[in-house]
Amino acid sequence: MILIKCPYCGERDQSEFANGGEAHVVRPQNPENLSDKDWGEYVFFRNNPKGIFYERWVHSHGCKKWFNVVRNTSTDQILKVYKVNEKRPDLTEFENTLRSPSGEPSVGSGNFAVKK
Amino acid sequence: MTAINNECPYISKNKITFSFDGKTFPAFEGDTVASALLRNNIRLVGRSFKYHRPRGIYTCGIEEPNALVQILSEHNEPNTRATVKRIYDGIKISSQNRWPSLKFDLGAINNILSPIFSAGFYYKTFMGPKGFWKNIYEPLIRKSAGLGKPPKNFRSKSIHQYHNTDIVIIGGGLSGLIAARKFINTKYKVLLIEQDSFLGGILKNTNKVESINDNSPSEWIKETEDLLSNSTNITVLKNTLVTTYNFTNHLVALEDKFSGKKIDLNKSELTLHKIRTSQTILSNGHIERFISFRNNDLPGVMLASSFEKYIHRYGVVPEEKPVIFTNNSSTFSLLKSIISLGCKPQAYIDSRRKDEIESEIKKFLKTNNILSYFDAEVEGCDGNKKIEKITVRQGKNYYKINSSMLCVSGGFNPDIHLFTQSKGLVKWDKQIASFKPDTSFQKTVTLGSVSGNYNFKKLCDEIDEKLSFLKTKKLNFEIKLNVSNKFSVKELWETKKKNNSNWSKTFIDLHNDVTTKDLKQAITEGFDRIEHLKRYTTNSMGTDQGKISSINSLAIVSKLLKKEISEVGTTTYRPPYAPLSFAAIAGRSTYEFYDPERKTSIHSWHLKNNAVFEDVGQWKRPWYFKAYNNETMHQAVQRESKILRESAGILDGSTLGKIEIKGRDALEFMNLMYTNAFTKMKPMTSRYALMLGEDGMIKDDGIICKINDQHFIATTTSSGAPKVLADMEEYLQTEWPHLKVYLNSITEQFSTFNISGPKTRDIMTRVFPNIDFSNEAFPFMTFKNFDYQNTKIRIMRASFTGELGYEIYISPKYGLELWKKIFSCGKAFNLIPYGTETMHLLRAEKGYIVIGQETDGTVTPIDLNYNWMIGKNKRDFIGKRSLSRPDTARDDRKQLVGLSPINKSDTIEEGQHIVEINKLPNKIKNPIKYLGHVSSSYHSPNLNQSIGLAMIKGGNNLLGQKFFVTVSGKTQNIPVEIVNPVFIDPENKRLTS
Ligand SMILES: [Zn+2]
């Protein structure tokens, strides 16, 4: 169970929150102008990378506020929490937390226990 | 024979009795089941899992693979570790996995049949012929699987306790206690957790330490405990085992509140501690490992350090004349302990060469005239349900020794389980021939033997250095030892066997009965990855998780694969560290506390009037009302449905979700959230509305009341209310933060009654004589607010039955009073209460859908022919764009139709398929063409026939055609006609007049 710092309430257990998938996917302003393919992309497709991920969380059993989180999905480390109206942090801010091309960090993924 | 150590300070002198398999034995307060059995010279304790081989007590702690017993007292708890469970006066215990008795067990025939139980037998043996799995194999496996019997009628009283703390020290042994003393009266909030009922670790379990600062080990433990309990910042939890090390230093620990005491069934016996800490200190020690040799499972084989622990911790010498077999220097303290009590080992076998063995050990053996074999190993042992003979190999020579007990030490593994759970990385250390922690992932420090440091002299320095980043006291203790400080070990995993017989086996996993031969066979079959190997052989998959043997299996496998052990790697260590009772995990969240029950303000009336309840979300809703005692549900529903269409009925609709939408941009928001157009809608009118997902599929429905452009009230389905509110909130916060709209759940703020039927207007006029209910003054889908006595009410003309109907909203405070008044006025008109089942029947007669019944997340409004509900002129609403996607706009999608059986006495079943053929073949070889499914089906008392709603491919174009509905368990189908889904009053005359 991870610990999440709600930007409005402070640090709370993960069980108080719900995950809302990829962040920064903006609902198109004029859906009617979109091709079926582009609209389908918006409705059905989301990224799910191993490594750095910008995602949405909601403090559903607390203040009910939505906010954004930068999380390393392979280690569960939360690298940054910011409000929905705040600027998306640049990826370069977190680059040194990833070491291998596959996104496998040297420690913390739980995929191997013996030091290589 | 067993002997006694009278000097043991950790066992009480109070005598108690206990029973094992029906016989009563004496013991002392503070004994575990195992120490009590050993005290009484009982060594055969259970039968093994697969081969039903006789098994004894192998260890003295949590790592026990063999001695699992059933506690017959209290909850009848199965699979209890005899080496952990503390007994009390009168406790009743039985052995497990044997029939008819422990000494004569019929299941032992599996041992003779063992060739079929080799590696992967689950996958190979139960393959065919067809039908055997379901009828023969599975029932057989279920019957013989598991060990003990589960408790019955058990209600957990366990509680959960939460901690937020600065430091957690796991393990109150020597290093844990030194670390804890550094925190005395500091600013840190510290939790020290110990699994035993005494602190001290090796100080109480061995005689390795002679003194600390000139105090005896037990004096030093006492002094430390006093200091810790006087320090306000330190809490000590004993009888508590940390089972789980999660991310962000979240720990789970189980405390046994009644360790060694009879459980008070009125009190909580287990506490599950959920701990969040800034820093974790692991000082949880090490676990001894065994060596594989022929029949290394015979009762009488015991780990050497466990034997020593029984002497010092429980005051029992399990055997006066044991044989010791070792590959390392640690057994020296055991030798000394046995001699100091006036006993004498029968023989000492050391696999190390003479020149590798410490001179102090050689000297001690010589002085005490102990038969010694160096550079030798135990080939195996033999005996009937116990060790009788031990065979030793030295070079080419074999020696037989008569003894009933063999103490084995294969070296020590730092207990890295929790450290790897925390995702830390370990490294192979040749010096100790084991894995030890290397890189922490979280804020974790390892101290003492868990870190691979077996050097007591350097312990204080190590602790000082590793905790130097914290502001703690500098402490130094002078630790004097009874034995050499140096630890030396020579790798030895399996000895060479000479004798071969069907009975003889060399085990690598005692709990799951896995042999070293199974490992070899699996590798021959190509399972060369450790994770595959584990699952194929079930090695280390028992409840002990191979605590004394998993490193051995890695070593054996690495030799077979000709790889380095670090290359083979370990399997993943997963929580829990040791079995965790489900009762502890459930805590108080059982039965009525599992999920809240919500009741309406009319609930007491429903109870008095023989309502049968249905769970809708968390709500208790009347399902139907029994008019007389043995009225069946079918009879009640038919009666309620008929009377309602003849006179009137009333439904408690308070559970319906209600959301208030207010604010400058409420109108724009509602236009975006729902399919309907609200702009031209007049104030104080209402409308049936649909909410879609962005994929165009129906999510929820309800009636929207427009008070004005800045104020709406939306009703939702009873179970969908929280989700609808959350979805609205999400869009407001994330997509349309510019809209000024406020949402409020007002479900519980109103009691809601739905009254409908042809006599409704008469009844309403009697209840509210000042209100004009005429069609002109109060038309369909309008609502009004009124003063009513000391409160206010809102009445809306709406109906879910197809009859004339009104919905009344009132404060729950006055709800019951008004409900009763309606009944007293309604008596003359034969007003009845009705439940959800009648509501569903009546709406099906009218062709109204129910979310989750007609819809299943793949249904659009167009599929239901609800095109009239779509605000086509609106620029946008949730899901609008998806309605014109090619797949959503197909005209052969499943569409809502009605079903009417051709033979009026036929009954169609909900959920059945609609097909084109009147009879299914006896054996279905090719797929049957499927057109759709029956989504609702009822016997209509008003039409006197069975009616159905169905979702059928291209249904709109099939009106009047004949198809067939399948019948469960039969091949003969029921012929039906596709009809309009509105069976009653298609012109809506009853609704609107
Ligand atoms: Zn919050």
Side-chain angles (χ1 to χ4, degrees), chain A residues 1-5 8 11-15 18 20-21 23-44 56-61 63-68 71-72 74-78 83-85 105-116, chain B residues 162 164 244 246-250 252 274 276 416 419-428 435 437-442 554 565-574 693-696 722 725-726 729-737 743 875-882 884-888:
Chain A
M1 190 154 67
I2 65 176
L3 206 55
I4 297 170
K5 192 172 181 178
Y8 305 93
E11 269 190 344
R12 296 288 190 280
D13 271 346
Q14 182 192 342
S15 57
H24 303 296
V25 181
V26 181
R27 189 173 187 276
Q29 285 287 324
N30 296 298
E32 297 303 312
N33 299 344
L34 260 59
S35 69
D36 286 332
K37 186 172 178 290
D38 288 347
W39 176 252
E41 286 279 334
Y42 164 69
V43 176
F44 299 110
R56 309 186 310 149
W57 285 82
V58 58
H59 196 182
S60 45
H61 294 279
C63 65
K64 294 195 191 285
K65 285 279 194 186
W66 284 85
F67 54 91
N68 293 327
R71 182 171 64 103
N72 185 337
S74 93
T75 61
D76 264 352
Q77 279 167 304
I78 289 181
K83 295 179 182 175
V84 274
N85 56 4
S106 57
V107 57
S109 74
N111 287 337
F112 49 87
V114 178
K115 189 168 186 180
K116 295 201 168 148
Chain B
Y162 295 83
N164 282 292
T244 308
N246 289 326
F247 192 46
T248 43
N249 270 322
H250 181 259
V252 178
K274 297 183 172 179
R276 189 73 81 170
I416 56 172
F419 181 77
T420 46
Q421 274 188 37
S422 81
K423 295 188 184 175
L425 298 181
V426 298
K427 204 171 185 175
W428 184 257
F435 285 108
D438 185 275
T439 311
S440 297
F441 175 60
Q442 303 190 32
L554 298 178
I565 194 163
S566 53
E567 233 183 300
V568 170
T570 67
T571 52
T572 309
Y573 290 83
R574 291 193 178 86
E694 286 288 22
D695 57 1
L725 180 66
E729 192 63 57
E730 179 184 341
Y731 275 104
L732 270 181
Q733 285 184 36
T734 62
E735 298 294 349
W736 310 312
L743 306 171
R875 190 182 65 82
D876 192 12
F877 60 81
I878 304 294
K880 181 176 192 231
R881 176 63 184 85
S882 283
S884 58
R885 291 180 65 242
D887 186 65
T888 325

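Chain identifiers are assigned alphabetically (A, B, ...) following the order of the sequence lines, protein sequences preceding nucleic acid strands; residue numbering begins at 1 within each chain. Any value given below was found using the heavy atoms of this structure, including those in side chains, with hydrogens, waters and symmetry copies removed.
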Can you tell me which of B/Asp438, B/Thr244, B/Thr248, B/Val426 forms the most heavy-atom pairs within a distance under 4.5 Å of chain A? B/Val426

Could you look at B/Ser566 and say if it's the side chain, the backbone, both or neither that has a heavy atom under 4.5 Å from chain A? both

A side-chain contact here means heavy atoms from C-beta on lying under 4.5 Å apart; do A/Arg56 and B/Glu730 qualify? yes

Restricting to ring-ring contact (aromatic ring centres under 6.0 Å, His included), what partner residues turn up for A/His59, sequence neighbours left out? A/Phe17

What part of A/Asn85 lies closer than 4.5 angstrom to a heavy atom of chain B: side chain, backbone, both or neither? neither

Can you name the residues that form a salt bridge (charged side-chain N to carboxylate O under 4.0 Å, His left out) with A/Asp38, not counting sequence neighbours? none

Chain B contact via A/Val58 - which portion, at a heavy-atom distance below 4.5 Å: neither

Heavy-atom distance under 4.5 Å between the side chains of A/Gln29 and B/Asp876, does that happen here? no

Under 4.5 Å heavy-atom distance to chain A, tell me which part of B/Leu732 shows up: side chain, backbone, both or neither. neither

Interface moiety of B/Thr572 toward chain A, non-hydrogen atoms closer than 4.5 Å: side chain

Heavy-atom distance under 4.5 Å to chain A: side chain of B/Glu694, backbone, both or neither? both

Please find the pair of heavy atoms, one from B/Arg875 and one from A/Glu32, that lie closest to each other, and give the distance. O-CG, 4.0 Å

Just give me the residue among A/Asp76, A/Val43, A/Asn30, A/Asp36 that pairs up with chain B most often, heavy atom to heavy atom, under 4.5 Å. A/Asp36

Which bit of A/Trp66 is near chain B, if near means a heavy-atom gap under 4.5 Å: side chain, backbone, both or neither? both

Cut-off 4.5 Å, heavy atoms of chain B, and the answer for A/Phe44 is side chain

SB check A/Glu11 B/Arg276 (cutoff 4.0 Å): no

B/Tyr573 portion near chain A, given a 4.5 angstrom heavy-atom threshold: neither

Can you find a heavy atom in the side chain of A/Lys65 that is under 4.5 Å from one in the side chain of B/Gln733? yes

Are any non-hydrogen side-chain atoms of A/Arg27 and B/Ile878 less than 4.5 angstrom apart? yes

Honestly, the part of B/Trp428 sitting under 4.5 Å from a heavy atom of chain A is neither

Identify which part of A/Thr75 has an atom lying under 4.5 Å from any heavy atom of chain B, answering side chain, backbone, both or neither. both

Among B/Gly424, B/Pro886, B/Gly569, B/Pro737, which residue has the highest count of heavy-atom pairs closer than 4.5 Å to chain A? B/Pro886

Do you know which of B/Asp695, B/Asn249, B/Thr734, B/Leu425 has the most heavy-atom pairs with chain A at a distance under 4.5 angstrom? B/Leu425

